[in-house]
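See structure below.
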Amino acid sequence: DQQVKQNSPSLSVQEGRISILNCDYTNSMFDYFLWYKKYPAEGPTFLISISSIKDKNEDGRFTVFLNKSAKHLSLHIVPSQPGDSAVYFCAGMDSNYQLIWGAGTKLIIKP
Amino acid sequence: KAGVTQTPRYLIKTRGQQVTLSCSPISGHRSVSWYQQTPGQGLQFLFEYFSETQRNKGNFPGRFSGRQFSNSRSEMNVSTLELGDSALYLCASSLRQQGPYNEQFFGPGTRLTVL
């Protein structure tokens, strides 16, 4: 069963606009959520995280929102830049400190 | 500080063969995790090693095994390769002790193709 789901395989956004990437989860015991970004031929790199006791975390152009009642989190990128084009993975951390990953969303920023 | 390195970067094998992949973590990192990435499946956790001991294991068959050496370098072995084993294998290192999350740093991966 997929505990973390990213239902949009890809997303295309105009440069300068807001990019919103969504992630749903089923395990209510996740303590932590993370977003990683992956460029082709490179390993994923950490982007931003949020603790389950918070509903928002902001870091520059990146903001992650957590809605625990809906078991939903989203990553907002404002404004979107060409260098943001990448695959974005969300992951939940379970009680064993193991990361459970979504399938990823490919973000394409159009000039 | 050097990042996580993985060797080889690309590998082509045939069904039934076995393969060994290598990962050198960031200096000072004692935790090494292995993941399998296939299109549409995200990263599937294989196992994690900490101080030469397997601490966590994902839902993969026994054909997948690993080990960690005293210098924290880790190897992953897949025996009796199947076509479905074709994937990108990623290694990640962290400082992680049991406790709050420590960021994982990923290597570039080994692309395994099974013919």
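Values below: every heavy atom of this structure, side chains too, minus hydrogens, waters and symmetry copies.
Heavy atoms closer than 4.5 Å to chain A are found in the side chain of B:Q37, but not in its backbone. Interface remark: A:P9 contributes no atoms to any contact with chain B (heavy atom separation under 4.5 Å). Contacts between B:R111 and chain A at a heavy-atom distance below 4.5 Å are absent for every atom of the residue. Both the backbone and the side chain of B:L43 come within less than 4.5 Å of a heavy atom in chain A.
In terms of heavy-atom pairs under 4.5 angstrom with chain B, the leader among A:G102, A:G104, A:A103 is A:A103.
The aromatic rings of B:F45 and B:Y35 sit perpendicular, their planes meeting at an angle over 60°, well past the 30° parallel limit. Below 30°, between 30° and 60°, or above 60°: for A:W101 and A:F89 the angle between ring planes is above 60°, a perpendicular geometry.
One distance of note links SG of A:C90 with OH of A:Y36; it measures 12.5 Å at 0.5 Å rounding.
Looking at A:T105 and A:S8, their side chains never bring a donor and an acceptor atom within 3.5 Å of each other.
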Salt bridge (charged side-chain N to carboxylate O under 4.0 Å, His left out) evaluation trace for B:D85 with B:K13: CA-CA 10 Å; B:D85 297 333; B:K13 292 284 188 179; over 6 Å; no
